[in-house]
2 protein chains.
Amino acid sequence: MSRRNQLGDLQLAIMRVLWSEGEASASAVHRALWDERGLAPTTIATMLRKMEHKGVVSHALEGRKFVYRPETTEAGVRRSMVEQLAQRLFGGDVAAFASYLISENEIDSAELSELEKLVAQKSRKEKETR
Amino acid sequence: MSRRNQLGDLQLAIMRVLWSEGEASASAVHRALWDERGLAPTTIATMLRKMEHKGVVSHALEGRKFVYRPETTEAGVRRSMVEQLAQRLFGGDVAAFASYLISENEIDSAELSELEKLVAQKSRKEKETR
DNA sequence: ACTTGTTAACTACCCAGGTAGTACTATCGT
DNA sequence: ACGATAGTACTACCTGGGTAGTTAACAAGT
C-alpha cells in the first residue's frame, strides 16, 4: 500500500538517521551523513522539505530551528518496498521471492541453519492454527 | 551492479513481452499490453526508444518496421533489482532479507515445506564443499 | 496519381529524486 | 550596534520514468 512509503536512496539514509535519533534538525542530519555522502547542507534541507511534502516526516519549531520527526516507521517502509518489488518481479508471490533469494545467493551455513529453524517454526505454527 | 538493469513498471511489462516473444515490433508490444494498460501506441514506442538508449533492448529493421529484441535477461534484471533492494534495506544481507520475507508474510504450508526442503538441501551442499 | 493508413521521429509535459546556489533572517559574540 | 554565523526559503537544474500529440515518411488500395 501507499506509494508514500517508496523512498529513494538519500531519503532512506535520512530516515535512518531520524529513526535512530528519534528526531533531528536538518543540520544534525547533515552532520550524520557527512562522512558517508558529503552532500551540501542545502541538499539535505531541500530533501527534508520534499519529504515533508510527501508526508514521511514532519517538522516542529524548537527554539529557532526546525526539528524533523519521522512520520513513518522503518517496518512500514520495508513492508511497502518489499511488497512493491515482490509485486513487480514475482507477481506478489512471496514464497517465490524467498525461494529465489535462497537459491540464487550465497548464504553461509550458520545463516542457513537459522533459516531452517525459522521455516520449521513457522511451519509448525501454521499447522497448529488449522 | 549496473543501474542499466533497474527497470520501471512499464519497462518491465514491455520486457516481459519481449522475453516471452523473443522479439516484437512496437505495435505488437502495444497490442500485447493493451488490455492490461490501455496506453497510446506512441507511449510504447517512446518507451522502447528510451529503453534502447539505455541499452536494454535493440532494434533491427525488418521489412519496413522495427523489431525490438531484449538485450538483457530476465534473470539479470531480477538479480540487479533484488540486489539493489537488499542493499538499500538490509545492507546487502541476503539472509536477513530472506528471513524477513519469511517471518513477516503469509506463506501457506505447502510452500513452507518447499522452502524447508530448499534450505535443507542448500545446507547440505554447503557442508559437502567444505 | 491521390487518399488513407501504418509506422517512426520529434517534441513536449508532468512528476519525483537528487543536488546545490543564492537570498533572506535571526541570533550571537564582541 | 554590527558583523559573522547558522538556519530556512526559494529557485534552478539534471536525470529518468511515464504519457502522449504532432508530424513526416512511405506503402498500399482504388
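Since this is a predicted model, take the numbers as computed values, not measurements. Proteins get letters first, then strands, A, B, ... in listed order; numbering begins at 1 in each.
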Judged by nearest nucleotide, the residue sitting upstream toward the 5' end of DNA chain C, B/Lys50 or B/Ala45, is B/Ala45
Report the distance from atom NE2 of A/His30 to atom C1' of C/dG21, rounded to the nearest whole Å. 14 Å
B/His53 has an atom NE2; how far is it from atom P of D/dG16, in whole Å? 8 Å
Could you check whether B/Ser25 gets within reach of a base, just the sugar-phosphate, or nothing at all, counting any heavy atom under 4.0 Å? nothing
Nearest-Å distance, CE (B/Met47) to C1' (C/dC13)? 15 Å
Output the rounded distance in Å from CG (B/Leu61) to P (D/dC26). 11 Å
Between A/Glu128 and A/Lys125 (salt bridge meaning N to carboxylate O under 4.0 Å), is one present in this structure? no
Per atom distances to the A/Leu39 side chain, the nearest of C/dA20, C/dG18, D/dG7 is C/dA20
Is the side chain of A/His30 donor-acceptor paired with the backbone N or O of A/Leu39 at a distance under 3.5 Å, no angle test? yes
How is A/Thr43 classified with respect to the nucleic acid when contacts are heavy atoms under 4.0 Å: base, sugar-phosphate, or nothing? base
For a quick check of understanding: with a heavy-atom distance under 4.0 Å over all strands, which category does B/Arg64 fall into, base, sugar-phosphate or nothing? sugar-phosphate
Rounding to a whole Å, what distance do you find between B/Ile44:CD1 and C/dA8:C1'? 15 Å
So which nucleotide from D/dA20, D/dG18, C/dA20 ends up closest to the side chain of A/Thr42? C/dA20
Return the 5'-most residue of the pair B/Lys54, B/Thr46 with respect to DNA chain D, ranking by each residue's nearest nucleotide. B/Lys54
Would the distance check show the side chain of A/Trp34 and the main-chain N or O of A/Ala40 forming a donor-acceptor pair, the cut-off being under 3.5 Å? no
Could you tell me the separation between the CE atom of B/Met47 and the CD1 atom of B/Ile14, rounded to the nearest 0.5 Å? 6.0 Å
Report the nucleotide, chosen from D/dT8, C/dG18, C/dA9, that has the shortest atom-to-atom distance to any side-chain atom of A/Lys65. D/dT8
Rounded to whole Å, how long is the line connecting atom CD of A/Gln6 with atom P of D/dG18? 13 Å
Side-chain donor or acceptor of A/Gln11 paired with backbone N/O of A/Met51 under 3.5 Å: no
A/Phe66 atom CZ is separated from C/dA26 atom P, nearest whole Å, by 12 Å
Whole angstroms only, please: what is the CE-P distance between B/Met51 and D/dT15? 20 Å
